Amino acid sequence: MFPVSAQGGRPLFEWRWVDRNLDEIFERLGEHITLTAAALAIGLVVSIGVSVLSLRRRWFYVVALSAAGSLYVIPSLGAFAVLVPFTGLTSFTTAVIPLATYTLLILIRNIVTGVEQVPKEVREAALGMGFTRTRLLWQVELPLALPVVIAGLRVAAVTTIGLVTVTSMLGKGGLGYFIRAGIQTATPNPTSIIVGVGLSVVLAVLVDLLLWLGGRALAPWSRKAASR
């Protein structure tokens, strides 16, 4: 027997509901992953470009960080509302652009900080071997900055997964669809809410774990440094 909710007498969790809606659960989970991956990919590409310019021009870093900080504090629903007249209410673009902008502050700061932490003697050795500034950045500085960049990517990923639930307000689905549907029915459906919240948390933990493992695989020297 299931425990009964205080509202409407519905059980707090119904496995039969999960079984009946299994196809939609996978569909919404796929939407959630797609939105998260697209936002992170766009945010990472833009952040790398901005960070490269920031490392060359310090004034640009100050401007970029201020702009990214301003975008970060805009409430997500407000950001979506601003874009709706230009990109449409249910457009994929309307959902992805604000999600990507929220990653910029974290990623730009971590990329620049990671590169700046590369030891001076390493740079001098590479330059002494004939590395150009561009080759030094891509073959020495960015690879050595990888642990810090991955740390920022983990924070950005978990934040984005949480924000994607809000895109259900745009009709873009994702796991937030179940939270909204569970609340908006005449008799609140606790199972729908638990599925939406629970899978969002599980997804965030899994993505964070995968990025952590990926970081350890791509930067094995960071493990040795941490164990000292």
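Keep in mind it's a predicted model, so treat the numbers as computed, not measured.
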> What pair of heavy atoms forms the shortest contact from Pro190 to Pro11, and how long is it?
Replying inline: CG-O, 3.7 Å
> Say you draw a straight line from CD of Glu24 to OH of Tyr177; how long is it, rounded to the nearest 0.5 Å?
Replying inline: 4.0 Å
> Would Ile150 and Ile42 show up in the same hydrophobic cluster when neighbours are defined by side-chain heavy atoms closer than 4.5 Å?
Replying inline: no
>> Please find the pair of heavy atoms, one from Ala126 and one from Leu136, that lie closest to each other, and give the distance.
In response: CB-CD1, 3.5 Å
> Shared ILVMFWY cluster between Ile193 and Val202, side chains joined below 4.5 angstrom?
Replying inline: no
> Hey, what do you get for CG (Leu211) to CG (Leu206), rounding to the nearest 0.5 Å?
Replying inline: 11.0 Å
>> Please find the pair of heavy atoms, one from Ser47 and one from Leu104, that lie closest to each other, and give the distance.
In response: OG-CD2, 3.4 Å
>> I'd like to know whether Phe13 forms a side-chain contact (heavy atoms from CB on, under 4.5 Å) with Val18, so could you lay out the CA-CA distance, the side-chain angles of the two residues, the decisive distance to 0.1 Å, and finally the verdict.
In response: CA-CA 9 Å; Phe13 196 83; Val18 174; 3.7 Å; yes
> Once you round to the nearest 0.5 Å, how far does OG1 of Thr93 lie from CZ of Phe86?
Replying inline: 13.5 Å
>> Can you tell me how far apart CD1 (Ile194) and CH2 (Trp17) are? Round to the nearest 0.5 Å.
In response: 10.0 Å
> With a 4.5 Å heavy-atom cut-off, do Asp208 and Trp212 have their side chains touching?
Replying inline: no
> Do Ile111 and Leu146 belong to the same hydrophobic cluster, where Ile, Leu, Val, Met, Phe, Trp and Tyr are linked whenever their side-chain heavy atoms lie under 4.5 Å apart, directly or via other members?
Replying inline: no
>> When you compare the side chain of Val140 with that of Arg123, does any pair of heavy atoms fall below 4.5 Å?
In response: no
>> In the structure I gave you, are the side-chain heavy atoms of Arg180 and Thr165 within less than 4.5 Å of one another anywhere?
In response: no
> Does the side chain of Phe178 come within less than 4.5 Å of Ile25's, by heavy atoms?
Replying inline: yes
> Is any side-chain heavy atom of Leu105 closer than 4.5 Å to a side-chain heavy atom of Leu71?
Replying inline: no
> Under the side-chain contact (heavy atoms from CB on, under 4.5 Å) criterion, do Val112 and Leu65 qualify, and how do the steps go?
Replying inline: CA-CA 11 Å; Val112 172; Leu65 216 54; over 6 Å; no
>> I'd like to know if Leu44 and Ile97 are part of one continuous hydrophobic network [Ile/Leu/Val/Met/Phe/Trp/Tyr, side-chain heavy atoms within less than 4.5 Å].
In response: no
> Do other residues, nucleotides or ligands put more than 12 heavy atoms under 6.0 Å from the CZ atom of Arg56?
Replying inline: yes
>> Heavy-atom count check: over 12 atoms from other residues, nucleotides or ligands less than 6.0 Å from Phe60 CZ?
In response: yes
> Do Arg109 and Tyr61 touch side chain to side chain, with heavy atoms closer than 4.5 Å?
Replying inline: yes
> Are the side chain of Asn110 and the backbone of Val149 linked by a donor-acceptor contact shorter than 3.5 Å?
Replying inline: no
> Is there side-chain contact between Asn21 and Val195, with at least one heavy-atom pair below 4.5 Å?
Replying inline: no
> Is there a path of hydrophobic side-chain contacts, each under 4.5 Å between heavy atoms of I, L, V, M, F, W or Y residues, that connects Leu83 with Tyr102?
Replying inline: no
> Are the side chains of Val197 and Ile179 in touch, meaning some heavy atoms are under 4.5 Å apart?
Replying inline: yes
> Do you know the tightest heavy-atom contact between Pro98 and Ala95?
Replying inline: CD-O, 3.6 Å
> Where do Leu99 and Ala39 come nearest, in terms of heavy atoms and distance?
Replying inline: CB-CB, 3.5 Å
>> Working note: Glu31 + Val164, criterion side-chain contact (heavy atoms from CB on, under 4.5 Å); need CA distance, chi angles, decisive distance, verdict.
In response: CA-CA 9 Å; Glu31 289 175 349; Val164 168; over 6 Å; no
> Roughly how far, to the nearest 0.5 Å, is the CG atom of Leu209 from the CG atom of Leu213?
Replying inline: 4.5 Å
>> Please give me the minimum heavy-atom distance between Ala68 and Ile108, naming the atom from each residue.
In response: CB-CD1, 4.5 Å
> After noting the C-alpha distance and the side-chain angles of Leu40 and Thr103, does the key distance pass the side-chain contact (heavy atoms from CB on, under 4.5 Å) rule?
Replying inline: CA-CA 7 Å; Leu40 284 177; Thr103 68; 4.1 Å; yes
> What's the spacing between Glu141 CD and Leu144 CG if we round to 0.5 Å?
Replying inline: 8.5 Å
